[in-house]
Amino acid sequence: MFRTTILRTASLPPVKAAVKNTPLFRPVVTRFIAGDTVEEAIQVAERLADEGFFVTLDQLGENVADVEAATRELESYVRLVDQISQSSRRSQINISIKLTALGLDQGDDVAEANFRRLLAAAQASDTFVRADMEASEYTERTVQMIERVFPDLDNTGTVLQSYLYSCGSHVDRLVRLGSRVRLVKGAYLEPESVAYQSKADVDANYLECAKKLLLRGRYPAIATHDEAVINELLAFAADNGVHPGRFEWQMLYGIRRDLQAKLRDMGHNVRIYVPFGSAWYPYFTRRLAERPANLLFILRSFVK
């Protein structure tokens, strides 16, 4: 109910205009967004790397309007890969992308051609490229895309969402393929026909899929800020002899910094998902919808 209300409210044009154009919101936005430019994002990534974290950079943007725009996005991602390759911390930094930014709406063939070009450029500098998962209508197409390109370009993987009924079967397919998986709960507004609606069901499916990945997956990314889930998986990993070096935790930039540091100090690999760019509004609203604590943080900021 909370997520639905936030996402529907955020989609209203007056609300969107107010958030994007009111200077009062800017300090709150910058807590979750690393900046508008590649240079700002690289600076944040290097600072986090100096603190002992790993980083994935996400140049925000999705659902381009035409093939030409997809080509421009590809060129922008290739430049990002090149700039990462010049960083002294390049081994700790990878990137996350949206396949709709590479032309998935214009056709699987368009997106695949661009995706392969990006992966080839990234492979030259040993950079991993994660295909982020989008709304449910893209889930099967994204998994199929990974299945097609991975045998030729294995510096990629994708994301699965535990609120979707299909998550378990997709975990099985990608584990068999040998591709890396990031597991999340999911942040899009999805109908009951494709997704669990209760937190208890989403959490239960998350734990089931995460345990499968910890036992059988190739360096899975367990992406959550839910401390109860983390504690259960820590115990599961210890009980089953899963060494901390065989997987990583992933968390969002600006959220639960205390927990990020705690896991790092315990000797675990922790990767921070760092978004940047001018197209930040959809990402920002999904982060608010995911956790009431994020909205409370904003309200406290306004009070101060």
Side-chain angles (χ1 to χ4, degrees), residues 3 48 51-56 58 92 94 96 128 130-133 139 143 146 157-188 195-274 286-287 289-294:
R3 184 174 72 222
L48 290 169
E51 295 173 6
F53 295 107
F54 296 87
V55 177
T56 186
D58 176 18
Q92 292 168 257
N94 64 35
S96 296
F128 180 79
R130 176 95 58 183
D132 277 345
M133 192 56 74
T139 302
V143 171
I146 298 298
T158 191
V159 181
L160 296 177
Q161 301 158 316
S162 74
Y163 69 174
L164 296 180
Y165 304 142
S166 62
C167 186
S169 63
H170 284 145
V171 165
D172 291 337
R173 283 165 60 179
L174 293 173
V175 165
R176 285 196 299 269
L177 183 67
S179 171
R180 287 164 57 177
V181 172
R182 175 201 296 148
L183 183 66
V184 302
K185 292 186 182 181
Y188 292 87
Y196 297 107
Q197 301 299 301
S198 76
K199 182 181 184 301
D201 287 338
V202 174
D203 287 357
N205 200 36
Y206 189 96
L207 287 166
E208 181 180 344
C209 292
K211 290 173 182 178
K212 189 182 299 184
L213 286 167
L214 288 172
L215 292 177
R216 297 168 44 209
R218 176 192 172 195
Y219 194 66
I222 309 302
T224 181
H225 305 95
D226 188 326
E227 204 157 359
V229 168
I230 289 171
N231 287 336
E232 180 164 342
L233 293 177
L234 283 170
F236 177 84
D239 291 344
N240 288 273
V242 180
H243 189 274
R246 283 174 48 191
F247 67 99
E248 68 183 24
W249 302 98
Q250 287 198 14
M251 297 186 184
L252 300 172
Y253 179 64
I255 298 178
R256 291 304 310 265
R257 295 171 179 170
D258 58 330
L259 190 53
Q260 295 169 9
K262 176 183 176 181
L263 288 168
R264 176 203 59 194
D265 294 345
M266 290 170 60
H268 287 264
N269 295 332
V270 180
R271 189 176 302 273
I272 312 300
Y273 185 98
V274 177
R286 289 196 294 269
R287 297 294 76 79
E290 276 182 332
R291 296 179 71 242
N294 296 341

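- Distance check: His243 NE2 to His268 NE2 gives 9.0 Å after rounding to the nearest 0.5 Å.
- The pair Glu227-Lys262 counts as a salt bridge, with a side-chain nitrogen and a carboxylate oxygen less than 4.0 angstrom apart.
- For the atom pair CZ (Arg257) and CD1 (Ile272), the distance works out to 10.0 Å, reported to the nearest 0.5 Å.
- The two atoms that bring Gly157 and Ile146 nearest to each other are O-CD1, 3.8 Å, heavy atoms only.
- Using modelled atom types, one side-chain atom of His225 and one backbone atom of Leu252 make a donor-acceptor pair closer than 3.5 Å.
- Phe53 meets the ring pair (Phe, Tyr, Trp, His ring centres under 6.0 Å) test with no other residue; sequence neighbours excluded.
- Within the model, atoms CD of Glu208 and CG of Leu213 stand 11.0 Å from one another, a figure rounded to the nearest 0.5 Å.
- The two atoms that bring Leu160 and Met133 nearest to each other are CD2-CE, 4.2 Å, heavy atoms only.
- Contact between Leu164 and Asn205 at its shortest, heavy atoms only, is O-ND2, 3.6 Å.
- Rounding to the nearest 0.5 Å gives a distance of 8.0 Å between CG of Leu233 and OG1 of Thr224.
- Between Ser96 and the options Arg182, Arg130, Gln250, a side chain to side chain donor-acceptor pair (under 3.5 Å) holds for only Arg182.
- Atom-to-atom distance recorded for Tyr253:OH and Leu48:CG is 6.5 Å, nearest 0.5 angstrom.
- Classification of Asp203 and Lys185 as a salt-bridged pair holds, one side-chain N sitting under 4.0 Å from a carboxylate O.
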Side chain to side chain contact (heavy atoms under 4.5 Å, CB included) evaluation trace for Asn240 with Leu214: CA-CA 9 Å; Asn240 288 273; Leu214 288 172; over 6 Å; no

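- Contact detail for Leu183 and Cys167: the closest heavy-atom pair is CD1-SG, 3.8 Å.
- With contacts defined as side-chain heavy-atom distances shorter than 4.5 Å, the pair Asp226/Lys199 qualifies.
- For Tyr165, the ring pair (Phe, Tyr, Trp, His ring centres under 6.0 Å) partners at least two apart in sequence or on another chain are Tyr196.
- Residues forming a salt bridge (Lys or Arg N to Asp or Glu O under 4.0 Å) with Asp201 (at least two apart in sequence, or on another chain): none.
- By the salt bridge (Lys or Arg N to Asp or Glu O under 4.0 Å) test, Arg180 is found to be paired with no residue, residues two or more places apart in sequence or in another chain being considered.
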Steps toward side chain to side chain contact (heavy atoms under 4.5 Å, CB included) verdict (Asp172, Arg216): CA-CA 9 Å; Asp172 291 337; Arg216 297 168 44 209; 3.7 Å; yes

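- Scanning both residues, Met266 and Leu234, for their nearest heavy atoms gives CE-CD1, 4.0 Å.
- Contacts of Ser169 classified as side chain to side chain contact (heavy atoms under 4.5 Å, CB included), with partners at least two apart in sequence or in another chain: Ser166.
- No donor-acceptor distance shorter than 3.5 angstrom exists from the side chain of Thr56 to the backbone of Tyr273, with no hydrogens or angles considered.
- Between Gln161 and Thr139 the shortest side-chain heavy-atom distance falls below 4.5 Å.
- A ring pair (Phe, Tyr, Trp, His ring centres under 6.0 Å) check over residues 197-221, counting only residues at least two apart or in different chains, returns nothing.
- Smallest separation of non-hydrogen atoms from Asn269 and Pro244: ND2-O, 4.1 Å.
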